[in-house]
Amino acid sequence: MAVVSTRAGRLGNRLAITAVILVTLVFLSPIYWITSTAFKPLVLATSVPPTVVFEPSITPFVKLFTKRAQLTAPVDPAVYEAAPWWEKLILDGGERLSRDGKGEIVYSAYPDRFINSLIIAVTSTVLAVSLGTITAYGFSRFRVKGEADLLFFILSTRMLPPIVVAIPMFLMYRAVGLNDTHFGLIILYTAFNVSFAVWLMKGFIDEIPKEYEEAALVDGYTRMQAFFKIVLPEAATGIAATAVFCFITAWNEYAFALILTNRRAQTAPPFIPSQVGTGLQDWTVIAAGTVLFLLPVAIFTFLLRNHLLRGMSFGAIRK
Amino acid sequence: MAHIRLKGISKTFGNHVALKDLDLEIADGEFFVLLGQTGAGKTTTLRLVAGLEKPTAGQIFIDGQDVGDWGAAERDVALVLQQYSLYPRYTVRENLEFPLKSPIRKSSPDEIKAQVDRVAKTLRIEHLMDRKVDRLSGGEMQRVSIGRAIVRRPRVFLMDEPLSALDAKLREALRTELKNLQVNLGATFLFVTHDQVEAMAMGDKIGVLNNGQLVQTGTPHEIYANPVNTFVARAVGSPPMNLINGQVEQGSAVTAAGQRLPFDGHDAAAGRALTFGIRPEDLYLEGGAPVAARVHDVENHGVAKIVTLRLGDSLLQATVPTQTSLKIDEEVRFSWHPEKVVLFDGASGINLRHAG
């Protein structure tokens, strides 16, 4: 197709591109800040004005995965020479690695917390999206008694800020022994997300003509088979979009994770800031933990980007 | 191949009555067309036979068996819809294979391939087999839909306006093709349409639906020549039947405006309010004919011309040979073939012959 280019059109284009670049910069600046902090020496992390040009080091990441103590006396040069390169980074900073009775290095709890986060976020996302999709399908395809009321009820669970129920939740969880368990957080996040998933998926499934399934029913398939063979592939875009939203919510959740877990099932969000205050405020370690924490969401979103783009243009399925 | 019978079928959706006490019988191997306006209940009837809806009251028999509790899969019917029949994301071949791969059929891969190839050949879609269905034109899509229906040799074919979304030329071509297919397969077809031309052209029998009730069932000829009431008279035929209010006086038909036209028999009709029904082809223009009218409009249809005549404040349509030359507003005289006149009761609109 021929594009008619006018002076006004070109100017408009340039303005639009400039605006997009500006907005992108605004949104990316915190990410740049935290990422650059994760590679800064401690002294530069809090310098005013902020240092932009510096020599990056991975010392914060070494600190993130280890436990350390302040050096009380200078290091023995022989010990320093024998130490691996990453231990030297710690020793250079005036700290030494903590070791247990057998002389083994004590690692930090960060990997465990990170894995907890993954287990809890992934499981609750899978649950919320599956339950949400099936429920939405039911609402979309069948005459449900009191459908409007039920849908409103489902939505109403999102109407008050979750933190309002934090104390009752804490007491209930303690009473039934769900405190500090993976299962406890999984069902909590699933409950948060499922209402959202139902509404979002209902919008997507409503867009899929029911004639497809009816054709399959007539062609000799059960409703279940028709659902898996015809509806699910058509709903893939919606499922991807819903999954990303649910995953982000569960992954980033802080308040309940802080209240309901403390060790075994603790997720990364409450763990990362708990690094503050052991001796000094080492912002570089927090930044390093945060940067790693950002990666799963970024990867997940990146993998589903094609679906997401289509999901954004809601209702673009040919009708 | 199968015989279908609907007995006392009613269907309501909430407060809306879609079908009311419907009785319908479709013989084995018959091409039955259900004709009706949007909302008349055609599609509902089809869905009830398919097993996609359950009737509120009444029974459905296929080959004498009450199929009330059977699901769509068990009824062994095939469905072709106006659109969305084809599974998106699948190729044409996958679409055609889909019904055969159903777990209830358990066809072997060789059998599936043979069946699919046979259908592709019948419908001349062999060159499209590996194409995704969203890359097909409207006509190709409907051809594949029909293919998916015939591939598994169902007992009954149900078609919900399969040709309505196509352009005129393609529609006519597929109409012929579909009719040939039905004759070759000897299959029972239940075909739903709002297009009376399609109904007339294809049906062995036509059922006219109005407001959830079956108004008349019969061969296209019966329905065309002897409509049961003025609704059917208006619904079937293009242009539709002319309806003139009047009465019978001294052996002549007298219109409400006072024109006298020849009348043929039927003493029972004398002295009551009537509606005379006359097909456009049974009106003729002639110099010495009894009634004068003015030419309102002339449409040349090639095979014939359709003249609209202005008679007082009513309009009548007549079919005349193409070579007739007429000018707008010209005065002409016309008459009718009295033996072709259909008499309807003036108040109820019911055909006097059907009223008995």
Side-chain angles (χ1 to χ4, degrees), chain A residues 133 137-151 201 203-241 304 306-311 313-319, chain B residues 12-14 43 46-47 49-54 70-90 94-107 133-134 138 141 144-145 147-162 165:
Chain A
T133 305
Y137 180 77
F139 276 118
S140 175
R141 292 302 198 253
F142 300 102
R143 284 155 197 275
V144 181
K145 262 206 185 114
E147 173 172 337
D149 293 334
L150 280 173
L151 280 171
M201 284 313 299
F204 281 103
I205 291 176
D206 282 345
E207 292 285 317
I208 304 170
K210 67 179 195 314
E211 282 86 345
Y212 291 148
E213 294 139 73
E214 291 181 343
L217 290 180
V218 170
D219 278 344
Y221 291 81
T222 64
R223 185 158 290 270
M224 209 48 153
Q225 290 161 340
F227 175 76
F228 282 109
K229 278 190 178 288
I230 307 293
V231 180
L232 272 194
E234 283 301 294
T237 295
I239 291 172
L304 296 178
N306 288 334
H307 284 302
L308 283 177
L309 276 179
R310 276 197 287 155
S313 50
F314 229 154
I317 299 173
R318 193 156 46 123
K319 188 109 204 179
Chain B
T12 49
F13 295 103
T43 301
L46 203 77
R47 293 170 60 85
V49 177
L52 293 171
E53 304 272 0
K54 297 259 180 242
W70 296 17
E74 298 152 298
R75 294 192 187 191
D76 196 18
V77 298
L79 189 61
V80 179
L81 304 171
Q82 185 178 339
Q83 46 182 345
Y84 305 132
S85 294
L86 296 176
Y87 306 118
R89 287 159 209 269
Y90 284 20
E94 284 163 342
N95 261 281
L96 293 176
E97 285 171 345
F98 194 78
L100 298 174
K101 283 188 171 166
S102 146
I104 59 166
R105 255 175 280 277
K106 300 191 191 79
S107 312
V133 295
D134 50 8
M141 277 193 190
V144 176
S145 289
R148 204 186 53 196
I150 63 178
V151 74
R152 61 188 167 89
R153 304 174 190 272
R155 297 204 287 178
V156 184
F157 287 89
L158 304 172
M159 311 225 160
D160 191 357
E161 310 223 9

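A, B, ... follow the sequence lines: proteins, then strands. Residue 1 opens every chain. For clarity, every value in this text was computed on a predicted model and none was experimentally measured.
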One pair to check against side chain to side chain contact (heavy atoms under 4.5 Å, CB included): A:Glu211 and B:Leu79. What are the steps and the verdict? CA-CA 10 Å; A:Glu211 282 86 345; B:Leu79 189 61; over 6 Å; no
Is it the backbone or the side chain of [X] that comes under 4.5 Å from a heavy atom of chain A, or both, or neither?
{"X": "B:Leu81", "result": "side chain"}
{"X": "B:Arg75", "result": "neither"}
{"X": "B:Leu86", "result": "backbone"}

Sort A:Arg223 into side chain, backbone, both or neither according to what part of it lies under 4.5 angstrom from a heavy atom of chain B. neither
Honestly, the part of A:Ile230 sitting under 4.5 Å from a heavy atom of chain B is side chain
Checking the side chain of A:Tyr221 only, and the main-chain atoms of B:Ser102 only, is there a donor and an acceptor separated by less than 3.5 Å? yes
Give me the atom names and distance for the closest heavy-atom approach of [X] to [Y].
{"X": "A:Lys229", "Y": "B:Tyr90", "value": "O-OH, 3.4 Å"}
{"X": "B:Ala78", "Y": "A:Val218", "value": "CA-CG1, 3.9 Å"}
{"X": "A:Gly220", "Y": "B:Pro103", "value": "O-CD, 4.2 Å"}

I need the residue from B:Ala149, B:Gly71, B:Pro88, B:Gly51 with the largest number of non-hydrogen atom pairs under 4.5 Å to chain A. B:Pro88
List the steps, then state whether side chain to side chain contact (heavy atoms under 4.5 Å, CB included) holds for A:Glu234 with B:Tyr87. CA-CA 10 Å; A:Glu234 283 301 294; B:Tyr87 306 118; over 6 Å; no
With a 4.5 Å cut-off on heavy-atom pairs, point out which of A:Asp219, A:Leu217, A:Thr222 contacts chain B the most. A:Asp219
